[in-house]
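Report on the following structure.
So you know, we letter chains A, B, ... as the sequences are listed, proteins then strands, and number each from 1. Computed from a predicted structure; not experimentally measured.
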There are 2 protein chains.
Amino acid sequence: MAASKGSGQVTRADVAREAGVSTAVVSYVVNNGPRPVAGETAERVRAAMTALHYQPNLNARALKRGRSQTLGLVVVDSLNPFFTELSLALEQAAAERGHRMLVAESHGDPDIEDQLVRELTGRQVDGLLLVSSFRRHDHGAPFSSDSTPTVFLDSPGPLPGRHTIGPDAAAGARTAVQHLIGVHGRASVGLVIGPGRVATPDPRETGWRRALAEVGIPAGRLVVDDWSNAGGYRAVRRLINDDDQPDGLFISSDVQAVGALRALHEAGVDIARECPIVSFDGTRAGSYTWPALTSARQPVTEMARTALELIERPQLAVGHHSFAVELLVRDSCGCPVHPPVEASAVAQPSTSTPDERPENVI
Amino acid sequence: MAASKGSGQVTRADVAREAGVSTAVVSYVVNNGPRPVAGETAERVRAAMTALHYQPNLNARALKRGRSQTLGLVVVDSLNPFFTELSLALEQAAAERGHRMLVAESHGDPDIEDQLVRELTGRQVDGLLLVSSFRRHDHGAPFSSDSTPTVFLDSPGPLPGRHTIGPDAAAGARTAVQHLIGVHGRASVGLVIGPGRVATPDPRETGWRRALAEVGIPAGRLVVDDWSNAGGYRAVRRLINDDDQPDGLFISSDVQAVGALRALHEAGVDIARECPIVSFDGTRAGSYTWPALTSARQPVTEMARTALELIERPQLAVGHHSFAVELLVRDSCGCPVHPPVEASAVAQPSTSTPDERPENVI
DNA sequence: GTGAAAGCGCTAACAC
DNA sequence: GTGTTAGCGCTTTCAC
């Protein structure tokens with residue numbers, strides 16, 4: 001077995017020496033091209049690779065090729081299940097197309113976000129996925145990633161000169177509130193929402209107002225707190241301490257809704273009867289709360305696929321891609337209890353529970 | 001302004017030309033060393049960098065230096081809040097030490113895991129963090145990352161020749177079950193657990209048995225299902241259909257406990273009274289369920305810090321680092337309801353809720 | 001204090 | 001079908 005260099009790294013030269021060929025041939029074998037290699041030679045090379053535990057240096061390859069097969073993903077908050085599910089979908093869509101994902105978290109800090117974008121582009125990522133960016137897009141300052149295909153996800157609307165993807169949140173919110181009013185006869189529907197980012201007002205607020213206006217109900221209480229469990233919890237506590245409590249709530253994110261549920265329970269509120277809630281996102285996590293969240297579902301898989309398409313075809317015209325959301329009717333709105341569908345999806349040998357109805361999708 | 005190369009990439013050569021210096025000087029400025037640069041020259045270089053929007057190619061740097069300032073993290077399941085919180089802690093610990101994190105997900109598939117490890121080492125990561133690895137450590141096959149410092153997290157126990165980190169799960173489980181028996185007078189405590197990975201039996205099972213044996217209660221029902229919401233949900237459904245239902249439950253993970261709660265609620269069980277549960281992990285998410293999860297908390301921050309220390313000092317003796325867990329007493333065990341502590345941590349201008357008691361920590 | 005140049009590991013012409 | 005070699009962008013030794 002040929003001695004490797006001092007560095008400890010086995011390089012293509014070691015393999016070439018071991019197999020008695022040139023480094024080019026090793027390359028041809030590794031990459032299965034661009035030139036043909038005789039079957040027997042290829043065999044020898046492969047044997048040498050295994051013997052030496054050769055592992056190509058992908059950074060060197062990226063340097064040479066100018067592409068890294070890696071995408072950068074910047075997320076605001078990985079603890080939010082919606083972002084987790086979206087990240088997962090993005091990672092899978094990337095994997096399908098042979099890309100790896102470099103993930104970083106901005107914690108909602110625009111400076112960190114900027115810094116991360118710089119680092120990521122410096123790492124030669126082939127594309128940049130920004131989820132729920134706090135970046136100020138209006139100041140026209142050049143963006144260090146302008147040569148890297150970039151897509152903004154969870155965007156409330158179009159951004160000049162950018163590829164953006166987002167839910168049709170206004171329509172989703174409207175549908176959600178309509179359900180509360182039309183199906184459950186609510187007379188006043190409050191709104192819990194997070195601090196605005198790019199758009200003001202948030203389309204979720206717009207949709208809420210619209211649904212109310214359409215049936216002549218005045219817009220009710222609006223509470224703003226963090227996009228987090230704690231935020232939703234605090235928002236509802238404040239609502240509860242008030243005199244004019246709404247008799248229904250539209251909560252702008254599942255993560256807040258979980259906190260809201262908690263606060264409602266603590267206060268002894270009978271949610272289905274006294275304060276039905278509908279939220280936004282439609283994460284799987286919402287199937288397991290009590291009551292399960294009726295929620296406007298964002299089509300994460302489709303959004304992720306579109307994001308990757310935009311990355312791969314940067315010449316595509318920039319613009320906003322709006323995705324329709326669908327209302328996942330579960331229990332928190334007061335509709336009859338729906339067992340989680342996912343749980344029965346995987347067949348379990350021991351005991352099956354065939355008595356489960358599928359979730360209602362509007 | 002000097003014209004850049006056709007590639008679109010601004011390189012150090014462009015900056016050097018623009019500033020009228022050599023590429024070496026640019027390097028000295030960028031890296032603040034290793035040779036001194038005259039103040040005025042440095043200024044010129046910096047000006048050129050800004051003018052050209054220069055962004056160093058980090059891959060080239062890694063290639064040259066042999067280090068990338070990047071760590072690889074392989075997680076089984078990013079939807080499990082415990083892993084999410086652990087990943088976040090690892091990412092922050094890495095950031096504190098100037099490392100970025102390349103995150104990948106194995107979906108519990110050992111082949112994918114292997115593949116990811118290869119890719120990551122090929123990307124010159126300076127260290128590898130494997131969370132809840134499915135890798136078979138007993139077959140002695142050489143591990144492609146053997147030259148890369150590697151730490152196994154969420155490990156049930158020591159692994160020959162490896163740095164491992166894990167909770168003292170047996171002790172944690174024992175404490176959890178003792179609480180159910182001692183404080184809440186349970187006469188039979190069931191166990192819900194996930195499929196085993198490396199160790200059999202899982203230390204959680206061992207701790208459960210031990211606590212029971214100590215007070216002369218025979219080990220009760222044990223149900224195995226996925227480490228997921230759905231798994232916990234299904235496990236409890238099976239339990240409920242049985243004749244000999246336990247009157248308390250130790251659930252081996254928060255993620256399963258959430259599903260269990262749902263199943264219990266659906267079945268109309270009064271959890272605090274009829275079937276108190278204690279779980280394992282102590283994630284923040286467990287503060288917002290109804291009832292909030294009493295759970296044995298793993299010290300993720302400390303574990304993450306230790307992991308990074310091990311990565312940075314690879315010469316440290318290999319061995320297992322066991323971390324004590326503490327029982328976070330919340331509501332699901334039947335103790336009086338505890339509002340989430342985190343929610344009051346952030347001061348809210350509008351309405352404060354000073355009436356919250358802190359969580360009990362044993 | 002500054003510059004020339006070698007070389008990190010790899011790819012892909014181009015020569016044979 | 002195989003080998004030689006230039007060069008991706010960077011760091012750093014060594015000369016000046």
Side-chain angles (χ1 to χ4, degrees), chain A residues 4-45 48-49 52-69 119 121-126 147, chain B residues 4-45 48-49 52-69 119 121-126 147:
Chain A
S4 62
K5 298 252 193 59
S7 77
Q9 259 249 51
V10 179
T11 78
R12 171 215 52 168
D14 297 312
V15 176
R17 199 177 320 118
E18 172 88 2
V21 297
S22 77
T23 61
V25 171
V26 179
S27 212
Y28 300 150
V29 172
V30 168
N31 301 317
N32 197 25
R35 317 263 10 220
V37 174
E40 210 237 322
T41 319
E43 233 11 276
R44 271 210 327 281
V45 171
M49 295 202 295
L52 301 179
H53 294 117
Y54 172 65
Q55 167 62 52
N57 182 324
L58 302 183
N59 279 341
R61 170 181 294 170
L63 177 58
K64 180 66 186 169
R65 288 205 179 141
R67 290 167 292 111
S68 62
Q69 298 288 94
E119 280 219 21
T121 50
R123 256 172 179 111
Q124 305 272 89
V125 294
D126 299 337
S147 52
Chain B
S4 61
K5 298 251 194 58
S7 77
Q9 259 250 48
V10 178
T11 78
R12 171 216 52 170
D14 298 312
V15 177
R17 199 176 320 118
E18 173 88 2
V21 297
S22 77
T23 61
V25 172
V26 179
S27 214
Y28 301 150
V29 173
V30 168
N31 301 318
N32 198 24
R35 316 262 12 223
V37 175
E40 211 238 321
T41 319
E43 231 13 272
R44 265 205 337 275
V45 171
M49 295 201 295
L52 301 179
H53 294 118
Y54 172 65
Q55 166 62 51
N57 182 324
L58 270 7
N59 279 340
R61 170 181 294 169
L63 177 60
K64 183 65 186 168
R65 288 204 180 141
R67 291 167 291 111
S68 62
Q69 298 288 92
E119 280 220 20
T121 51
R123 256 172 179 113
Q124 305 273 86
V125 293
D126 299 338
S147 52

Between dG1(D), dT2(C), dG9(D), which one does the side chain of Thr41(A) approach most closely?
dG1(D)

Output yes when at least one side-chain N/O atom of Thr11(A) is less than 4.0 Å from OP1 or OP2 of dG9(C), else no.
no

Could you check Val30(A) against Ser27(A) for side chain to side chain contact (heavy atoms under 4.5 Å, CB included), going step by step and ending with a plain yes or no?
CA-CA 5 Å; Val30(A) 168; Ser27(A) 212; 5.7 Å; no

Atom pair distance, as rounded to whole Å: CG in Asn31(A) and C1' in dC10(C)
9 Å

Side chain of Thr23(A) only, heavy atoms from C-beta on: which candidate in dT2(C), dG9(C), dT4(D) is closest?
dT4(D)

Nearest whole angstrom, please: distance from the P of dC10(C) to the CG of Leu58(A).
9 Å

Has the side chain of Lys64(B) got a donor or acceptor atom sitting under 3.5 Å from an opposite partner on the base of dG7(C)?
yes

Base, sugar-phosphate alone, or nothing: which one does Val30(A) contact when heavy atoms must sit under 4.0 Å apart?
nothing

In whole angstroms, how far is the P atom of dG9(C) from the CZ atom of Arg61(A)?
15 Å

Want to settle it: does Ala42(B) or Arg65(B) sit nearer the 5' end of DNA chain C, counting the closest nucleotide to each?
Ala42(B)

Select from Arg35(B) and Tyr54(B) the residue whose nearest nucleotide in DNA chain D is closer to the 5' end of that strand.
Tyr54(B)

Roughly how far, to the nearest 0.5 Å, is the CG atom of Asn59(B) from the CZ atom of Arg65(A)?
13.0 Å

So, is Ser27(A) near the phosphate of dT11(C), with a side-chain N or O under 4.0 Å from OP1 or OP2?
yes

Phosphate oxygens OP1/OP2 of dC8(C): is one of them under 4.0 Å from a side-chain N or O of Asn57(A)?
no

Take atom CD of Gln124(B) and atom C1' of dC8(C), then tell me their distance rounded to the nearest Å.
9 Å

At their closest point, which heavy atom of Thr11(A) faces which heavy atom of Tyr54(A), and how far apart are they?
C-CE1, 3.6 Å

State whether Tyr28(B) places a side-chain N or O below 4.0 Å from either non-bridging phosphate oxygen (OP1 or OP2) of dT13(D).
no

Side chain Thr23(A), main chain Arg12(A), donor-acceptor under 3.5 Å:
no

May I have the distance from Asp14(A) (atom CG) to dC8(C) (atom C1'), rounded to whole angstrom?
13 Å

Integer-rounded Å distance: dG9(C) P and Arg67(B) CZ:
14 Å

Between dT12(D), dA13(C), dT2(D), spot the one nearest the side chain of Ala24(A), thanks.
dA13(C)

Between atom CG in Asn32(A) and atom C1' in dT11(C), what is the gap in whole Å?
15 Å

Between atom CZ in Arg12(B) and atom P in dA5(C), what is the gap in whole Å?
14 Å

Is there a donor-acceptor contact under 3.5 Å from the side chain of Arg123(A) to the main chain of Leu58(B)?
no

